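Since this is a predicted model, take the numbers as computed values, not measurements.
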Amino acid sequence: MALSLAFSPCPNDTFVFHALVHGLVPGAPPVQVTYADVDVTNTAAQQGAYDIVKVSYAALPWLLDDYQLLPCGGALGRGCGPLVLTRGDRTDLGGATVAVPGDRTTAYLLFRLWAADQRPARIEVVPFHEIMPGVAAGRYDAGLVIHEARFTYHRHGLTALVDLGQWWESDTGLPIPLGAILARRGTVDPVAAADWIRASVRRAWADPAGTREYVLAHAQEMEPDVVDQHIALYVNEFTADLGEDGYRAIDALLRRAAAAGLTPATPQTSSSLATAWTS
């Protein structure tokens with residue numbers, strides 16, 4: 001039987017999963033793919049909708065009873081954090097209306113940790129592709145953006161009020177944990193799933209041209225050079241293996257969030273999750 005697999009249509013995800021989706025990973029089962037923004041998969045995973053799913057690290061406290069974190073395939077790195085964008089020379093968000101891409105995204109969790117003393121007046125969850133045009137048109141005072149917006153926000157006449165990745169890295173010294181890959185407990189062998197995903201990543205690195213048509217078909221009218229920058233930034237050594245720094249970053253994020261009362265306490269610490277892959 002085919003496994004259900006859900007991830008975003010963003011270039012980093014389609015690049016990572018190209019080989020697995022197309023039956024190019026020896027020994028891997030066929031997969032039935034759903035393409036959805038991470039805000040959608042965060043919610044669907046709470047209902048156990050998929051066997052393997054890409055979610056936000058910020059959503060893990062609600063998901064780890066039913067899913068296991070895999071040590072590969074996700075988005076975690078340096079210099080790749082979310083941005084808070086504004087028009088003009090605004091210097092704080094007191095009283096502002098802020099558009100965000102989801103209420104359980106890592107971007108929004110980082111934003112809440114950073115903006116704890118700024119008190120925006122209103123938060124609106126907005127489809128990602130509507131955020132920058134909405135800020136530019138004055139519908140929102142600020143917008144929280146991710147991924148390719150790092151390369152394109154200037155086209156909308158916007159200014160980066162803060163790079164939350166830089167803020168996080170300077171404060172913790174750790175990479176930014178953005179998107180996680182989970183396997184449903186009792187349905188998917190997590191060790192086998194990690195092997196399939198690593199093989200898919202390595203095949204993409206070995207033959208990036210082989211992924212090109214598939215990646216561009218799902219890139220939502222993104223220019224090829226932006227696609228290349230996107231993949232180079234978000235598909236990195238942490239995609240192949242989270243490693244010690246990756247797990248430390250996850251642990252720091254979830255512990256800070258719980259201490260601030262923004263998420264439930266994580267049922268398993270990320271250090272215990274790491275032990276499962278190293279013991």
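- Annotation: Glu237, atom CD; neighbour count of heavy atoms from other residues, nucleotides and ligands within 6.0 Å is above 12.
- Using a distance-only test at 3.5 Å, with no hydrogens or angles considered, a donor-acceptor pair links the side chain of Asp141 to the main chain of Thr97.
- The nearest pair of heavy atoms linking Ser200 to Leu20 is OG-N, 3.1 Å.
- Counting non-hydrogen atoms of other residues, nucleotides and ligands closer than 6.0 Å to CZ of Arg90 gives a total above 12.
- Not counting sequence neighbours, the partners of Ala115 by the side chain to side chain contact (heavy atoms under 4.5 Å, CB included) test are Phe111, Gln118.
- Remark: Leu109 CG to Thr105 OG1 distance equals 8.0 Å, nearest 0.5 Å.
- The OG1 atom of Thr263 sits 15.0 Å away from atom OH of Tyr57, with the distance rounded to the nearest 0.5 Å.
- The backbone N or O of Pro11 sits nowhere less than 3.5 Å from a side-chain atom of His218 that would complete a donor-acceptor pair.
- Ring geometry for Phe7 versus Phe17: interplanar angle under 30°, hence parallel rather than tilted (30 to 60°).
- Under the 4.5 Å side-chain heavy-atom criterion for grouping Ile, Leu, Val, Met, Phe, Trp and Tyr, Leu161 is not connected to Val135 through any hydrophobic cluster.
- With sequence neighbours left out, Ala193 forms a side chain to side chain contact (heavy atoms under 4.5 Å, CB included) with Ile52, Leu70, Val188, Trp196.
- Looking at every heavy atom in both residues, Leu76 comes nearest to Gly246 through CD1-O, 4.0 Å.
- Arg184 is linked by a side chain to side chain donor-acceptor pair (under 3.5 Å) to Asp51, counting only residues two or more places apart in sequence or in another chain.
- With rounding to the nearest 0.5 Å, the separation of OG1 in Thr172 from CH2 in Trp167 is 8.5 Å.
- At a threshold of 4.5 Å between non-hydrogen side-chain atoms, the residues Val21 and Leu5 count as touching.
- For Arg256, the side chain to side chain donor-acceptor pair (under 3.5 Å) partners at least two apart in sequence or on another chain are Asp171.
- Taking the side chain to side chain donor-acceptor pair (under 3.5 Å) definition, one finds that Asp228 meets it with Arg212, sequence neighbours left out.
- Here the closest heavy-atom approach between residue Leu110 and residue Trp168 is recorded as CD2-CE3, 3.7 Å.
- Annotation: side chain to side chain donor-acceptor pair (under 3.5 Å) contacts of Arg119 (sequence neighbours excluded): none.
- Closest of all the heavy-atom pairs between Thr159 and Gly88 is OG1-O, 3.4 Å.
- Neither Ile146 nor Phe151 shares a network with the other; the hydrophobic side chains, linked directly or stepwise wherever heavy atoms of I, L, V, M, F, W or Y lie under 4.5 Å apart, form separate groups for each.
- Within the structure, no pair that satisfies the salt bridge (charged side-chain N to carboxylate O under 4.0 Å, His left out) test touches residues 127-136, not counting sequence neighbours.
- With sequence neighbours excluded, the residues satisfying salt bridge (Lys or Arg N to Asp or Glu O under 4.0 Å) with Arg122 are Glu124.
- Distance alone, capped at 3.5 Å, places no donor-acceptor pair between the Thr34 side chain and the Ala6 backbone.
- Listed by first and then second residue, the salt bridge (charged side-chain N to carboxylate O under 4.0 Å, His left out) pairs involving residues 93-106 amount to none (not counting sequence neighbours).
- Remark: Ala160 engages Leu85, Tyr153 in a side chain to side chain contact (heavy atoms under 4.5 Å, CB included) (not counting sequence neighbours).
- Under the side chain to side chain contact (heavy atoms under 4.5 Å, CB included) criterion, Arg202 pairs with Arg198, not counting sequence neighbours.
- Ala219 and Val227 make their closest contact through CB-CG2, 3.9 Å (heavy atoms, listed as atom of the first residue, atom of the second, distance).
- Side chain to side chain, Ser56 and Asn42 meet the donor-acceptor criterion of an N or O pair below 3.5 Å.
- No single ILVMFWY cluster, assembled from side-chain heavy atoms under 4.5 Å apart, contains both Val38 and Leu262.
- A salt bridge (charged side-chain N to carboxylate O under 4.0 Å, His left out) check over residues 153-163, counting only residues at least two apart or in different chains, returns the pairs Arg150-Asp163, Arg155-Glu223.
- Put simply, the side chain of Asn236 gets close to the backbone of Phe238: a donor and an acceptor are under 3.5 Å apart.
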Go through the steps for Leu60 and Leu254 under the test side chain to side chain contact (heavy atoms under 4.5 Å, CB included), then give the verdict. CA-CA 8 Å; Leu60 291 192; Leu254 298 184; 4.3 Å; yes
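- In this structure, Trp62 contributes its side chain and Gln46 its backbone to no donor-acceptor pair below 3.5 Å.
- Heavy-atom neighbours of Glu213 CD from other residues, nucleotides or ligands within 6.0 Å: at or below the threshold of 12.
- Taking the ring centroids of Tyr214 and His22, they lie under the 6.0 Å cut-off.
- When all heavy atoms of Ala258 and Pro264 are compared, the closest pair comes out as CB-O, 4.0 Å.
- For Asp225, the CG atom counts as densely surrounded, since its 6.0 Å shell holds more than 12 non-hydrogen atoms of other residues, nucleotides or ligands.
- Under the 4.5 Å side-chain heavy-atom criterion for grouping Ile, Leu, Val, Met, Phe, Trp and Tyr, Leu174 is connected to Leu233 within one hydrophobic cluster.
- Between Asp245 and Arg248, at least one side-chain N (NZ, or NE/NH1/NH2) sits under 4.0 Å from a carboxylate O, which counts as a salt bridge.
- Residues Val33 and Val25 share a single hydrophobic cluster, defined by chaining ILVMFWY side chains whose heavy atoms lie under 4.5 Å apart.
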